[in-house]
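Fair warning: this is a prediction, and the values are worked out from it, not measured in the lab. For ligands, and for the atoms within them, numbers begin at 1 and follow the listed sequence.
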Amino acid sequence: MTMPQHSSVENDLLARARKVLPQGSLGNVHLPDEYDFVVSRGLGSKIWDSSGNEYIDYLLGSGPMILGHAHPLVNKASMDALKEGTTFFTQNRYAIELAEEIVKAVPCAEQVRFTTSGSEATFQALRIARAKSGKDKVLKFEGGYHGINDYASISVTPDNPLPFPVPKKSIAGIPQAVVDTVLIAPFNDIETTVSVIEEHAKDLAAVIVEPVQRLLEPRDGFLHALSDACKRNGVILIFDEVVTGFRLAYGGAQEFYGVTPDLATLGKVVGGGMPLAAVAGSAELMSVYDSTIASSEEYVHQGGTLNGNPLACAAGLASLKELNKPSVYETYHSRGRKLKQGLQKILDASGVSGFVSGSDVFFDIFFTDQPIFDYRSTLSSDKRLNGVFDRALIHHGVFKNAGKVYVGTCHTEDDVNVTLEAFTYAISAVENALG
Ligand SMILES: Cc1ncc(COP(=O)(O)O)c(C=O)c1O
């Protein structure tokens, strides 16, 4: 297998990018220079770089493109909406219909507020909880990712974690006053988590959790016990379903695990690839947004120029319509399972220690022989080998970003078979790198 060749047109684009974009990137994907590329288009499960190299895409726009790129029905829906105008700042029928569909699908949702990004949605969910409870503190799990707002950017990837529940800011620019309102607990350790909740209940507004934290599945009973502890202690439970919403099941992780939180955040799939996310919850909690109570202590103003943008809502609605067809999730998950289990088998047959971790439809490898169950246990894995694995896949025409294989309903049996060959090749590259 050879390295994809890059044309002078693509090299020129990359050079221009490095001048005007910090690190030449949009902040999301950082490839070594020799692998860096500029995507030119996508169709179904494939993307092409600006030199014409084709890749089976397991980044899928970081998850929104679950149905594949340029899906004809999703494109048609947003183009039809576009003919009627681009944005209005006011109610539009697509936003109302999408909110209705979310309320039908997502167990905790009685009402929905749209935002433009998942980071805004998690920020809003935490604000609703603080407004409603009158309490300031929030608990997040070590290693959990909730976007780039200040509250979310704490204890995300600490090299030297502190004792629980002490928070550690993950990036510069976060005020210490914000850091001091965040408590940190270990995912999948219910005893420690409950003791933090109980000790801080009188100041604690909310617990926010990714039901599948990055690549860590919840242990049996963890989410149920978390929900019970929140209820007992008067703390609002937020499921951050930006990744899991409409992906683990049509009703998200809430349906999949049978645990209903107080609030949920949605993003990625729900906007069909357009800039759209949402916070959803009971009418009682969402009443903080009611401007007729503007003089009350609970009132939260939430606006946004592109909230509920009609093109994004039309794309989201069309995507949900496709996903809600019979047996879509069965086929989707069984295809993902074939890839995930196939990769574990390839690893087991090699001389490389590793676990494939995550759900059936988003997963990656931890290169370690130690069990993986929380953020600290992931520190035993050799991340350098993930780089070797990911780069070797590129040689084989398969693209994934660091941290996740996102499987889509667009991936065909053929894609799966080619990808399993690519996995075999990439694991032997890892074996070679180990010497
Ligand atoms: C679980 C989770 N929450 C929130 C976000 C933030 O969403 P966005 O990138 O749309 O701001 C992400 C993004 O990947 C996410 O994975």
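In this structure, Tyr299 has its ring center at least 6.0 angstrom away from the ring center of Tyr289. Aromatic ring centres of Phe187 and Phe373: separated by at least 6.0 Å.
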Could you tell me, for ligand 1, which of its N or O atoms are under 3.5 Å from any protein N or O, listing the pairs and their distances rounded to 0.1 Å?
from: ligand 1; atom 1: 3 (N); to: Asp240; atom 2: OD1; distance (Å): 3.3
from: ligand 1; atom 1: 3 (N); to: Asp240; atom 2: OD2; distance (Å): 2.7
from: ligand 1; atom 1: 10 (O); to: Gly118; atom 2: N; distance (Å): 2.8
from: ligand 1; atom 1: 11 (O); to: Gly118; atom 2: N; distance (Å): 3.3
from: ligand 1; atom 1: 11 (O); to: Ser119; atom 2: N; distance (Å): 2.8
from: ligand 1; atom 1: 11 (O); to: Ser119; atom 2: OG; distance (Å): 2.8
from: ligand 1; atom 1: 14 (O); to: Lys268; atom 2: NZ; distance (Å): 2.8
from: ligand 1; atom 1: 16 (O); to: Arg214; atom 2: NH2; distance (Å): 2.9

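A donor and an acceptor atom, one from each side chain of Lys268 and Ser62, are located under 3.5 Å apart. Under 3.5 Å, the side chains of Asn149 and Thr122 contain a donor-acceptor pair of N or O atoms. With no hydrogens or angles considered, no side-chain donor-acceptor pair links Lys340 and Ser359 at under 3.5 Å.
Contact check for Val398 versus Tyr58: side-chain heavy atoms found under the 4.5 Å cut-off.
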